[in-house]
Number of protein chains: 2
Amino acid sequence: MTDDAPFPTNGLNDTVHQRHRLGILTIASESDRVEVSYLREALELTAGNLSRHLAVLADADLVAIERGYHGNRAKTWIRITPAGEAALDAEVAALRELLDRHG
Amino acid sequence: MTDDAPFPTNGLNDTVHQRHRLGILTIASESDRVEVSYLREALELTAGNLSRHLAVLADADLVAIERGYHGNRAKTWIRITPAGEAALDAEVAALRELLDRHG
DNA sequence: ACAGAAAGGTTTGCACCGCAAACCGATCTG
DNA sequence: CAGATCGGTTTGCGGTGCAAACCTTTCTGT
């Protein structure tokens with residue numbers, strides 16, 4: 001009861017912790033850049049919803065958005081930023097700490 | 001790219017995933033019953049904020065609220081319900097799956 | 001060549017949520 | 001018995017998450 005170390009959930013950043021954004025960052029951290037359309041399918045999101053989450057992440061400078069073309073089709077990719085990597089690492093560390101409490 | 005298994009974050013339940021509620025449920029799962037005032041300190045929450053989260057969890061039948069006295073002082077405890085345990089286990093399982101992707 | 005349909009996103013509108021300030025009823029304390 | 005304290009709830013509001021509606025460009029059929 002004299003445990004005054006901060007509880008793991010206090011280390012979580014709300015911007016990163018949101019479940020879809022956690023998914024976006026996780027996938028983004030696994031490869032150099034990711035097609036938005038791939039994210040949409042992998043995370044089973046509506047395009048609108050995904051768009052807003054990407055805007056939130058871009059505003060927070062956790063991902064960078066790159067527009068371009070695939071053939072003649074407009075296409076968008078995202079790339080995780082160094083700040084995004086750091087924030088994700090912090091989240092993962094806090095979650096590991098939390099999970100340690102669950103045996 | 002033909003990975004059509006649902007992404008781990010899709011298995012997360014928003015009621016449970018919220019960071020403070022995740023903390024509440026985690027602590028509640030670790031002992032039989034917990035004083036609300038202990039939660040307040042451990043999670044560094046304002047009383048008002050905590051009260052609302054507990055109401056959400058109680059509404060969802062994930063915790064039960066027990067009112068009583070400690071000496072003459074009114075005091076409240078919470079106890080995780082079987083549904084709460086199950087929901088927390090599901091969250092933890094999904095998080096483990098997610099963390100597995102992070103090496 | 002022109003009318004849809006489709007691809008690939010963005011914006012809008014609204015309900016719900018998270019938060020702390022304000023509040024409430026009891027119980028101690030001088 | 002006036003004020004401080006404990007233990008918690010309610011209120012008010014800005015912010016968030018969501019899908020429907022919308023926009024632009026590119027295919028496709030005729």
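Predicted model only: the values in this text are computed from it and were never measured. Labels below follow one simple rule: chain letters A, B, ... track the order of the sequence lines, proteins then strands, and each chain is numbered from 1.
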Heavy-atom pair of closest approach, residues [X] and [Y]:
X     : Y     : result
B:A60 : B:T15 : CB-CG2, 4.3 Å
A:T81 : A:V63 : CG2-C, 3.6 Å
A:D32 : A:R79 : OD2-NH1, 3.3 Å
B:L88 : B:I80 : CD2-CD1, 4.4 Å
A:N10 : B:A42 : ND2-O, 3.6 Å

#### Entry: Short side-chain N/O contact from A:H53 to OP1 or OP2 of D:dT16, under 4.0 Å
no
#### Entry: side-chain N/O A:Q18 vs D:dC18 OP1/OP2, d < 4.0 Å
yes
Protein-nucleotide distance ([X], atom [atom1]; [N], atom [atom2]), rounded to Å:
X     : N      : atom1 : atom2 : value
B:R21 : C:dC16 : CZ    : P     : 14 Å
B:Y38 : D:dG7  : OH    : P     : 16 Å
B:H20 : C:dG18 : NE2   : P     : 9 Å
B:I24 : D:dG8  : CD1   : C1'   : 14 Å
A:L57 : D:dT16 : CG    : C1'   : 13 Å
B:L45 : C:dC19 : CG    : C1'   : 10 Å
B:L50 : D:dT9  : CG    : P     : 8 Å
A:H17 : C:dC17 : NE2   : C1'   : 14 Å

Determine whether a donor-acceptor pair (N or O, by modelled atom type, separation under 3.5 Å) exists between the side chain of [X] and the backbone of [Y].
X     : Y     : value
B:T26 : B:L22 : yes
A:R40 : A:L45 : yes
B:R67 : B:T76 : no

### Message
Just to be sure I follow the notation: if a pair is Watson-Crick (purine N1 to pyrimidine N3 plus N6-O4 or O6-N4) or a G-U wobble (N1-O2 and O6-N3), each under 3.5 Å, what dot-bracket string does DNA chain C give, with | for pairs to another strand?
### Response
||||||||||||||||||||||||||||||
### Query
With no hydrogens and no angle check, do the side chains of A:T9 and B:H20 hold a donor and an acceptor under 3.5 Å apart?
no
### Query
Which parts of nucleotides 7-15 of chain C does protein reach within less than 4.0 Å, heavy atoms only, written one letter per nucleotide 5' to 3' as B for base, S for sugar-phosphate only and - for none?
BSBBBB---
